[in-house]
Amino acid sequence: MAHMITWLLLLLVWVAAGWAAWPRTELLNICMNAKHHKEKPGPEDKLHEQCSPWRKKACCSVNTSLEAHKDISYLYRFNWDHCGKMEPSCKRHFIQDTCLYECSPNLGPWIQEVNQSWRKERILNVPLCKEDCETWWNDCRTSYTCKTNWHKGWNWSSGYNQCPVDAVCHRFDFYFPTPADLCNEIWSHSYKLPLQEEKDMPWKLTPRVLFLAWMASMCSARARTDLLNVCMDAKHHKVKPGPEDKLHDQCIPWKKNACCTASVSQELHKDISLLYNFNLDHCGKMEPTCKRHFIQDNCLYECSPNLGPWIQEVNQSWRKERFLNVPLCKEDCESWWEDCRTSYTCKTNWQKGWNWTSGSNRCPAGATCSTFESYFPTPTALCEGVWSHSYKVSNYSRGSGRCIQMWFDTAQGNPNEEVARFCALDMNAGAMPQGIGPCLLSLALMLSLAP
């Protein structure tokens, strides 16, 4: 009887896992749906130089591997030497990176769907070995570039990438102060340098201990099960949302149900608040119309209880969670950019790289103050880049129920509640309740051990 229950439970787990993983049901030995990738991996005996490790099973062709080694190839017309000749030792890493992207059939667990003209899928947060990242950074730190995010924002008027207007060429270690900055940021989080606790994990535990640890983590320590009406675990957030009748000015829309206090909302409206000592006027007085958007952005971050579906764990001294890729309504992004394009800044990523010696943020040495539109040529460049991809510009409009509004009229209710519900349901569509599959599998394994 126990054996019959075991097999029934295993069958349920198998069916549920396959259903939940749709449409990308195969995670092993697959190729991305992208510009130059083959449909299926297979032998390619003549792959060139740095791409040769994949010759037994590759997603790239011989011709693609040859082009990957050129300074400006027909693959993407990308010029490594956009700030003068790149050091050969540095360029080798970018060729290896290209070969991994084009040729590897082992990236399935990190493939994500995207809506881009040149590809339907990309990789996201591939856990890059720390030594690979460190040598990449060390070999490139004395080469020169003009941008932190190489995925977007280039000047393509010549047919290949050139530095945008007013961008300044500096050494890599100016734009990427640490190995993690380079590996995580340069291709919009295609890679993720594992955290210290992840790399030190004792993978060589005995099978029984691993099994028990897996059971405990999956069945009892269910991380972030609530996606609706939650507050982030961050510096100034309340533990739970609730009414705050005295929220100030731009934060008022959240007064009925807020993750921020009245005092936090007051601080958010100051030029340099006690919250983070961040100075919006780091390149001269910011236009009031521009500053209004940043205050609304801060109110959304500190006060909204509707960001659960996009909350991610982070290992930072001042917060344990952040949000990532919140679908910002396109009009909110466009008006933010329009109202800020003539104000001035000196950086594309405001989350890091500042000079804090004075107690508040100042432009780093060598950085030049230019108009927003020189650092952020498009609305998307601003909204997605300024806070390290906290936002992702949506194709949907305000009121659609499919995108987050940065600000709203309280008389009409909170439209972001509907968006959060939709996205939470969408994330779990077709899947079993969280933790049920692993727990059923655990039960099946224990039953199979029963006398």
Side-chain angles (χ1 to χ4, degrees), residues 34-36 67-87 90-91 93-95 97-98 101-102 114-119 122 140-176 181-182 184-190 282-283 290 330 333-334 336-353 363-389 391-393:
K35 191 172 185 181
H36 303 290
E67 289 292 326
H69 289 73
K70 295 181 180 179
D71 285 344
I72 303 179
S73 78
Y74 84 87
L75 298 179
Y76 305 103
R77 304 295 301 166
F78 197 92
N79 178 22
W80 307 120
D81 301 326
H82 51 267
C83 276
K85 197 70 176 174
M86 180 183 281
E87 293 288 335
C90 177
K91 192 172 292 184
H93 291 282
F94 282 99
I95 294 171
D97 157 56
T98 303
Y101 173 80
E102 298 288 347
V114 290
N115 184 24
Q116 295 173 324
S117 60
W118 55 285
R119 62 179 180 180
R122 64 163 292 190
C140 287
R141 61 189 303 180
T142 58
S143 288
Y144 282 74
T145 186
C146 58
K147 292 179 82 283
T148 54
N149 188 330
W150 286 16
H151 254 157
K152 57 190 177 182
W154 295 100
N155 174 3
W156 291 94
S157 59
S158 63
Y160 57 87
N161 62 302
Q162 292 181 319
C163 294
V165 177
D166 294 331
V168 180
C169 288
H170 289 289
R171 284 173 30 141
F172 264 60
D173 54 9
F174 172 85
Y175 282 103
F176 307 107
D181 290 326
L182 170 64
N184 293 352
E185 298 292 336
I186 195 163
W187 298 126
S188 299
H189 299 277
S190 291
H282 51 267
C283 276
C290 177
K330 64 179 182 178
C333 180
E334 289 166 358
W336 189 359
W337 185 76
E338 284 290 344
D339 289 342
C340 287
R341 61 191 300 180
T342 58
S343 288
Y344 283 75
T345 186
C346 57
K347 292 178 84 280
T348 55
N349 188 331
W350 286 17
Q351 274 202 338
K352 57 188 180 183
C363 295
T368 305
C369 287
S370 298
T371 60
F372 263 62
E373 62 182 348
S374 68
Y375 280 99
F376 306 108
T378 65
T380 299
L382 170 63
C383 301
E384 296 185 0
V386 71
W387 298 125
S388 293
H389 301 277
Y391 299 112
K392 183 178 177 65
V393 180

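Keep in mind the model is a prediction, meaning the values are calculated, not measured.
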Inter-residue atom distance His151.NE2 - Glu185.CD, 0.5 Å rounding: 12.0 Å

Within-4.5 Å side-chain heavy-atom neighbours: Phe172 and Asp181: no

From His69 atom NE2 to Thr98 atom OG1, the distance as rounded to the nearest 0.5 Å: 9.0 Å

side-chain contact (heavy atoms from CB on, under 4.5 Å) assessment of Lys152 paired with Glu384: CA-CA 10 Å; Lys152 57 190 177 182; Glu384 296 185 0; 3.1 Å; yes

Test of ring centre spacing under 6.0 Å for Trp150 and Phe78: yes

Ser73 side chain to Lys70 backbone, donor-acceptor under 3.5 Å: no

Beyond-backbone contact of Val393 with Trp337, side-chain heavy atoms, under 4.5 angstrom: no

Shortest non-hydrogen separation from Asn149 to His389 and the atoms involved: ND2-NE2, 3.5 Å

Verdict with reasoning, Cys340 to Cys290, per disulfide bond (SG atoms under 2.5 Å apart): CA-CA 5 Å; Cys340 287; Cys290 177; 2.0 Å; yes

Polar side-chain atom of Lys147 near backbone of Tyr175 as donor-acceptor pair, under 3.5 Å: no

side-chain contact (heavy atoms from CB on, under 4.5 Å) between Thr368 and Asp166, worked out: CA-CA 8 Å; Thr368 305; Asp166 294 331; over 6 Å; no

Thiol sulfurs of Cys383 and Cys333 closer than 2.5 Å: yes

Euclidean distance, Glu373 CD relative to Leu382 CG, rounded to 0.5 Å: 11.5 Å

side-chain contact (heavy atoms from CB on, under 4.5 Å) between Arg77 and Ile72, worked out: CA-CA 5 Å; Arg77 304 295 301 166; Ile72 303 179; 4.0 Å; yes

Rounded distance (nearest 0.5 Å) linking atom OG of Ser157 with atom CD of Gln162: 5.5 Å

Distance-minimising heavy-atom pair for Arg119 and Val114: O-CG2, 3.8 Å

Sub-2.5 Å SG contact, Cys90 and Cys140: yes

Spatial distance of atom CZ (Phe174) from atom OG1 (Thr148) [nearest 0.5 Å]: 10.5 Å

Trp350 side, atom CH2; His282 side, atom NE2 - distance, nearest 0.5 Å: 4.5 Å

Cys169 and Cys146 SG atoms less than 2.5 angstrom apart: no

Nearest non-hydrogen partners of Ser143 and Met86, listed with the distance: OG-CG, 3.9 Å

Centroid separation Phe376 to Trp336 less than 6.0 Å: no

More than 12 heavy atoms of other groups within 6.0 Å of Tyr344 OH: no

Any side-chain heavy-atom pair of Tyr76 and Lys35 under 4.5 Å: yes

Partner of Thr145 by side-chain hydrogen bond (donor to acceptor under 3.5 Å, both in side chains), out of Arg171, His82, His170: His82

Whether Lys91 side chain and Lys85 backbone form a donor-acceptor pair below 3.5 Å: no

Student check: side-chain heavy atoms of Thr342 and Phe372 closer than 4.5 Å: no

